[in-house]
**Student:** 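I'd like to ask you about the structure that follows.
Numbers restart at 1 for each chain; the letters A, B, ... are given by sequence-line order, proteins then strands. Side-chain atoms are counted along with the backbone in the values below, which use heavy atoms only and exclude waters and symmetry mates.
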Protein chains: 2
Amino acid sequence: MSAEITVLDRLLEITVLLQQDLARSFEATGLTLARTHLLWELRRLGPSPQQSLATALKVSARNITGLVDALEATGFVSRGPHPTDRRATLVALTELGARTMSAMEVEHAQLSEQLVAGLSESHVAQLAAGLEAVAERLRTLVESSGSEAAAKANQRAQS
Amino acid sequence: MSAEITVLDRLLEITVLLQQDLARSFEATGLTLARTHLLWELRRLGPSPQQSLATALKVSARNITGLVDALEATGFVSRGPHPTDRRATLVALTELGARTMSAMEVEHAQLSEQLVAGLSESHVAQLAAGLEAVAERLRTLVESSGSEAAAKANQRAQS
DNA sequence: TATTGTTATACTCTATAACTATA
DNA sequence: TATAGTTATAGAGTATAACAATA
C-alpha cells in the first residue's frame, strides 16, 4: 500500500527535478521551456504552418503567434509563405535554431545515459518496462477524463 | 544505448501526463497548480508566516503575497497575526481549505494505486527502487549545476 | 462557410526593486 | 541593521472572442 504511494511520489519528485535540470540547460541559450518545446517539435515536423504547431503543442493558435513572434525576434525561427495556401505562414528553424536543437539533442542523450548510469542492463530494461506500464495507465486516465471532466464538473457544481 | 533514451523519454511523457491529470483534478475546485501547491505545503507545515512558505515553495515573497491574496479571496486560507512577531502574518487553512486538501489526499492515494494496478508486488518494488536510483542521480545533477551554471554560462558567452 | 493567423483583452505565475513597519 | 510583507513594475505563458484574408 505504501509501496504504491512511493512510486507516485518518486515520479512527482522526478518531475520537479527534470524541469529544474531542463531549465538550467535553457539558461545558456536564453530560451524558455515553452519556446524550446516549440523548437523541438519544429525540428521533428520540419517547416510547419502555425496551426500544425498549435495542434502538436496542444495550445491555442494565439499562443503560437506569441511564441513564434518571440522566437523570430531572437533569430531561432523564420516565417515564410506557404507554397499553396496563402492564408498560412510556414515557420522554419533558422541556422541558429537548427544548431541549438542539435546541441540540445546531444544534451538529451547525455542526460539519458547519466540517469541510468551504474544500473545493469537488465535493471534498465525492467525500469523501462515498469515506466511503460505506468505511462499506459496514465494515458488511459487522461483520455477518459476528457469525457468525464464535464460530468464531474456538473456534479460538483450541483452539490 | 536506445534503452537509456527510452527511460528519459518515458519520464518526460509521464511528466506531461501527470500534470494533465493533476490539472484535471484541480478544475473541479477552481484551484491552480501553484495555489494547490501552497495549500499542500500549508497542510504539511501548519499555520505559517509567508516567509516560510516562500522558502518551502522556493519562490519569491512577492509571489506568496499574490497566491495568498487569491486563496484568501476564494476562502481557502485566512491571514492572522503572528503571536510574537508583529511584522509577520500567519497563513492558515480555513475549514474549506482543510476539507479540500483532505479530498485531494484521497485522490492522491487512489492515483497511487491506479498507477501500478496490475503489477505484481515485486515489480512495483523494483520500479520504486529504479526510480529512487534515477531520482538520486537527478538530485546530484541539479545540486551540482548550482555551482556549474555560472561557469557554463561564461564559457558559452565567450565562445 | 470554414480555416489561418492576428489584434484585443484578460488572467496567472513569476521576478526584482523600493518602501513601511517592525525586530 | 536586518527581516516580513506590500506596492510598483515588468515579462512570460495561457485563453477566448472578434476580425481580416483566403479557401
**Student:** Quick one: is C:dT6 close enough that its OP1 or OP2 comes under 4.0 Å of any side-chain N or O from A:T65?
**Tutor:**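 Yes, such a contact exists.
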
**Student:** Could you walk me through whether A:E113 and A:Q110 pass the side-chain contact (heavy atoms from CB on, under 4.5 Å) test, one step at a time?
**Tutor:** CA-CA 5 Å; A:E113 291 180 12; A:Q110 287 176 343; 5.9 Å; no

**Student:** Map A:G66 and B:P49 onto DNA chain D by nearest heavy atom, then report which one ends up closer to the 5' terminus.
**Tutor:**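 By nearest-heavy-atom nucleotide position, the 5'-most residue is B:P49.
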
**Student:** What is the nucleic acid contact for A:R62, judged by heavy atoms within less than 4.0 Å: base, sugar-phosphate only, or nothing?
**Tutor:**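 The residue A:R62 makes base contact.
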
**Student:** Roughly, in whole Å, what's the span from CZ in B:R35 to P in C:dC11?
**Tutor:**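 Result: 12 Å.
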
**Student:** Return yes if some donor-acceptor pair links the side-chain N/O of A:T94 with the main-chain N/O of A:F76 below 3.5 Å, else return no.
**Tutor:**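 Checking the backbone N and O of A:F76 against the side chain of A:T94, a donor-acceptor pair under 3.5 Å is found.
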
**Student:** May I ask you to test the B:T100-B:T36 pair for a side-chain heavy-atom distance under 4.5 Å?
**Tutor:**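 Of all side-chain heavy-atom pairs linking B:T36 with B:T100, none is under 4.5 Å.
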
**Student:** Hey, does B:I64 reach any base, or is it just sugar-phosphate, or nothing, if we go heavy atoms under 4.0 Å?
**Tutor:**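 No contact at all - B:I64 keeps every heavy atom at 4.0 Å or more from the nucleic acid.
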
**Student:** Check every strand shown and say whether A:L33 touches a base, only sugar-phosphate, or nothing at a heavy-atom separation below 4.0 Å.
**Tutor:**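 The residue A:L33 makes no contact with any strand.
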
**Student:** Identify, between A:R87 and A:Q50, the residue whose nearest nucleotide on DNA chain C lies closer to the 5' end.
**Tutor:**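 Residue closer to the 5' terminus by nearest nucleotide: A:R87.
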
**Student:** Name the first nucleotide and the last nucleotide along DNA chain D (5' to 3') that come under 4.0 Å of a heavy atom in chain A.
**Tutor:**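 Endpoints of the contacted stretch of DNA chain D: D:dA12 to D:dA23.
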
**Student:** Given A:D21 and A:Q114, is the side-chain contact (heavy atoms from CB on, under 4.5 Å) satisfied, shown in steps?
**Tutor:** CA-CA 12 Å; A:D21 191 70; A:Q114 287 177 330; over 6 Å; no

**Student:** Kindly indicate whether the side chain of B:S52, heavy atoms from C-beta on, has any atom under 4.5 Å from the side chain of B:V91.
**Tutor:**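 No, every pair of side-chain atoms sits at 4.5 Å or beyond.
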
**Student:** Starting from C1' on C:dA15, measure out to CD on A:E27 and report it in whole angstrom.
**Tutor:**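 After rounding, the gap between these two atoms is 14 Å.
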
**Student:** Choosing from C:dA15, C:dT4, C:dT6, which nucleotide comes nearest the side chain of A:D85?
**Tutor:**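 My answer, after comparing the listed nucleotides, is C:dT4.
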
**Student:** Tell me: CD of B:Q19 to P of C:dC13, nearest whole Å?
**Tutor:**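 Value for this atom pair: 14 Å.
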
**Student:** So, do B:F26 and B:M104 sit near enough that their side-chain heavy atoms are less than 4.5 Å apart?
**Tutor:**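 Side chain of B:F26 against side chain of B:M104, heavy atoms only: contact under 4.5 Å found.
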
**Student:** Take a 6.0 Å sphere around NE2 of B:H123 and say whether it holds more than 12 heavy atoms from other residues, nucleotides or ligands.
**Tutor:**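 Counting other residues, nucleotides and ligands, NE2 of B:H123 stays at 12 neighbours or fewer.
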
**Student:** Nearest heavy atom decides the nucleotide; on that basis, is A:A34 or A:R86 closer to the 5' end of DNA chain D?
**Tutor:**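 Taking each residue's closest nucleotide, the earlier one in sequence belongs to A:A34.
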
**Student:** Looking for any heavy atom pair under 4.0 Å, which part of the strands does A:T84 touch: base, sugar-phosphate only, or nothing?
**Tutor:**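 Counting heavy atoms under 4.0 Å across all strands, the contact made by A:T84 is with sugar-phosphate only.
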
**Student:** Counting only side-chain nitrogens and oxygens, does B:S60 get under 4.0 Å of the OP1 or OP2 atom of C:dA15?
**Tutor:**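 Checking B:S60 against C:dA15: at least one side-chain N or O falls below 4.0 Å of OP1 or OP2.
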
**Student:** Rounded to whole Å, how long is the line connecting atom CG of B:N63 with atom P of C:dT16?
**Tutor:**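 Spelled out: CG on B:N63 to P on C:dT16 is 10 Å.
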
**Student:** To the nearest Å, how far apart are B:K58 NZ and C:dA15 P?
**Tutor:**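 Roughly 13 Å, once rounded to whole Å.
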
